[in-house]
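To find a chain, count down the sequence lines: A is the first, B the second, and so on, and within it residues start at 1.
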2 protein chains.
Amino acid sequence: MKISELASLTSIPSKTIRFYEAEGLLPHPKRTQAGYRDYEGAAVERLTFIKKARILGLPLKEVEGVLQLHERQQPTCVHVRALLEDKLAQAERAIQDLLAFREELVRLRDRAGTLADCCPTRGSVCGIIQESEIVQGVNAGGPHG
Amino acid sequence: MKISELASLTSIPSKTIRFYEAEGLLPHPKRTQAGYRDYEGAAVERLTFIKKARILGLPLKEVEGVLQLHERQQPTCVHVRALLEDKLAQAERAIQDLLAFREELVRLRDRAGTLADCCPTRGSVCGIIQESEIVQGVNAGGPHG
DNA sequence: TCTTGACCTTCCAGTTGCTGGAAGGTCTAA
DNA sequence: TTAGACCTTCCAGCAACTGGAAGGTCAAGA
């Protein structure tokens, strides 16, 4: 099948499919006389796997690693299990961070309602942000140290 | 003060401070005879604002917009309030997504415990991911449509 | 005074995961 | 034949940094 059909079947854009091939996640498919890519049905499965792994937050490099284990007839699930544990721990952390973050946003939002709109004088840019207790954000690292 | 002192006071790396200046978020500071940047104390406040705004998830472009409102003596908080409402809605969505995502991860993790480790034959790459119900991830969009 | 290490500068390019556009070729229904 | 929809490769851009190269400056210690 042509790339557009594969894109349609997997909901992954043609551009992205070509990108994945260039990154080594997909084998180079056969070509038609005209040079068009000609995919087998197995490509649907492979791309669906990649898509799900991406949704799970596995970086492309890790996805590639798992796919290579598969190609070398090595067990993959034990590998994926470890990745999963890692992702689960990350998700737990992210949830905690996000809940705390939401508290602060609610606080800021409520505070902003009572704050007179700052007429900027020589003072702070915006009292809402300036006075916030925000030190660390959602991701474990935050934008800055 | 030198850039390293400013970096230390704000916990923002020198590289990033120079980046922000290049992006227009910071005014060009005076220079010493040697060409070194020489900052006033106000730079600490401005950078702290930028840092907090980043943590709140405001893209640099939006931060710049708020700073420009400030420079034009226009009210900023009404602007920030709208941004805040937006961010709060996003955070609520992210929380819901993340909670659902965690459910799925837990399910996958538990399922993985009972799944015999797949000896890759001609079958799927990894049963854990392949059989998952994952269609959409944490962010509203997910990696693919 | 000289040395050396820590700082400073600008410029360039890289990271990750895409995604758009240019330039040019192919296919097919009307 | 025509025109629109597809295909190809190549290049570069996005966001928000961040590292390294190449070269200059500063100051404490020998």
Side-chain angles (χ1 to χ4, degrees), chain A residues 1-26 28-39 43 47 49-65 67 87 90 137-145, chain B residues 1-26 28-39 43 47 49-67 83 87 90 137-145:
Chain A
M1 79 187 87
K2 296 265 181 48
I3 195 168
S4 55
E5 192 179 343
L6 184 59
S8 180
L9 287 175
T10 58
S11 295
I12 302 174
S14 303
K15 277 281 183 185
T16 307
I17 295 173
R18 289 192 203 96
F19 172 71
Y20 287 159
E21 183 189 329
E23 292 296 302
L25 289 150
L26 287 179
H28 299 299
K30 347 200 267 309
R31 299 286 183 128
T32 65
Q33 277 276 50
Y36 288 13
R37 291 172 174 81
D38 190 18
Y39 293 97
L47 269 173
F49 174 81
I50 293 169
K51 179 180 175 180
K52 285 180 178 179
R54 284 293 302 123
I55 289 171
L56 280 169
L58 271 70
L60 290 187
K61 275 300 165 195
E62 286 181 27
V63 178
E64 195 177 347
L67 288 167
K87 297 305 167 197
Q90 280 180 34
V138 173
N139 301 309
H144 308 299
Chain B
M1 80 186 88
K2 296 265 180 53
I3 194 166
S4 56
E5 191 178 345
L6 183 59
S8 180
L9 287 175
T10 57
S11 294
I12 302 175
S14 303
K15 278 282 186 187
T16 307
I17 295 172
R18 289 191 202 96
F19 172 71
Y20 287 158
E21 182 189 327
E23 292 295 302
L25 288 150
L26 287 179
H28 298 298
K30 353 197 264 304
R31 299 289 184 126
T32 65
Q33 278 275 52
Y36 288 13
R37 290 172 176 79
D38 190 17
Y39 292 97
L47 270 173
F49 174 81
I50 292 168
K51 179 178 173 181
K52 285 180 176 177
R54 284 293 304 121
I55 289 171
L56 279 169
L58 272 71
L60 289 188
K61 275 301 165 195
E62 286 180 28
V63 177
E64 194 177 347
V66 172
L67 288 167
L83 292 177
K87 297 305 167 197
Q90 282 180 32
V138 172
N139 302 309
H144 309 299

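In this structure, the side chain of A:K51 does not engage the main chain of A:I12 through any donor-acceptor pair within 3.5 Å. For the pair B:D38 (side chain) and B:R31 (backbone), a donor-acceptor distance under 3.5 Å is absent.
Nearest nucleotide to the A:S4 side chain, out of C:dT19, C:dT26, D:dC7: D:dC7. Ranking C:dC27, C:dC18, D:dT25 by closeness to the A:F19 side chain, first place goes to C:dC18. For A:R54, counting side-chain heavy atoms from C-beta on, the closest listed nucleotide (C:dG17, C:dT9, D:dT8) is C:dG17. For A:Y36, the listed nucleotide lying nearest its side chain is C:dC27; candidates were C:dT19, C:dC7, C:dC27.
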Output a table of nitrogen or oxygen pairs between the protein and nucleotides 12-15 of chain D separated by less than 3.5 Å.
none

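Atom CG of B:D38 is separated from atom P of C:dC8 by 12 Å (rounded to the nearest Å). We find that CD1 of B:I17 is positioned 14 Å from C1' of D:dT18, with the value rounded to whole Å. In this structure, A:K2 atom NZ and C:dC27 atom C1' are separated by 7 Å, rounded to whole Å. Between A:E23 atom CD and C:dG14 atom P there is a gap of 14 Å when expressed in whole angstrom units. For the pair A:I12 CD1 and C:dT19 C1', the interatomic distance rounds to 15 Å; values are reported in whole Å. What separates CD1 of A:I50 from P of C:dT16 is a distance of 17 Å, to the nearest Å. Between B:L6 atom CG and C:dC7 atom C1' the separation is 15 Å, expressed in whole Å. One can place CD of B:E5 at 15 Å from C1' of C:dA6, the figure rounded to the nearest angstrom.
When each of B:Q33 and A:R37 is assigned the nucleotide of DNA chain D bearing its nearest heavy atom, the one mapping closer to the 5' terminus is A:R37. Map B:K15 and A:Y39 each onto its nearest nucleotide of DNA chain D; the residue landing nearer the 5' end is A:Y39.
Between A:L60 and A:F19 the shortest side-chain heavy-atom distance falls below 4.5 Å. In this structure, B:I3 and B:Y39 have side chains that are in contact, with non-hydrogen atoms separated by less than 4.5 Å. Residues A:I17 and A:R37 form no side-chain contact, since every pair of their non-hydrogen atoms from C-beta on lies 4.5 Å or further apart.
Between B:R31 and C:dT10 there is a side-chain N or O to OP1 or OP2 distance below 4.0 Å. Between A:T16 and C:dG17 there is no side-chain polar atom (N or O) within less than 4.0 angstrom of OP1 or OP2. Neither OP1 nor OP2 of C:dG17 sits under 4.0 Å from any side-chain N or O of A:Y20.
Summarising the geometry, atom CG belonging to A:L26 is positioned 4.5 Å from atom CD1 belonging to A:I50; distances are rounded to the nearest 0.5 Å.
A salt bridge does not link A:K2 with A:E5: none of the charged nitrogens is closer than 4.0 Å to a carboxylate oxygen.
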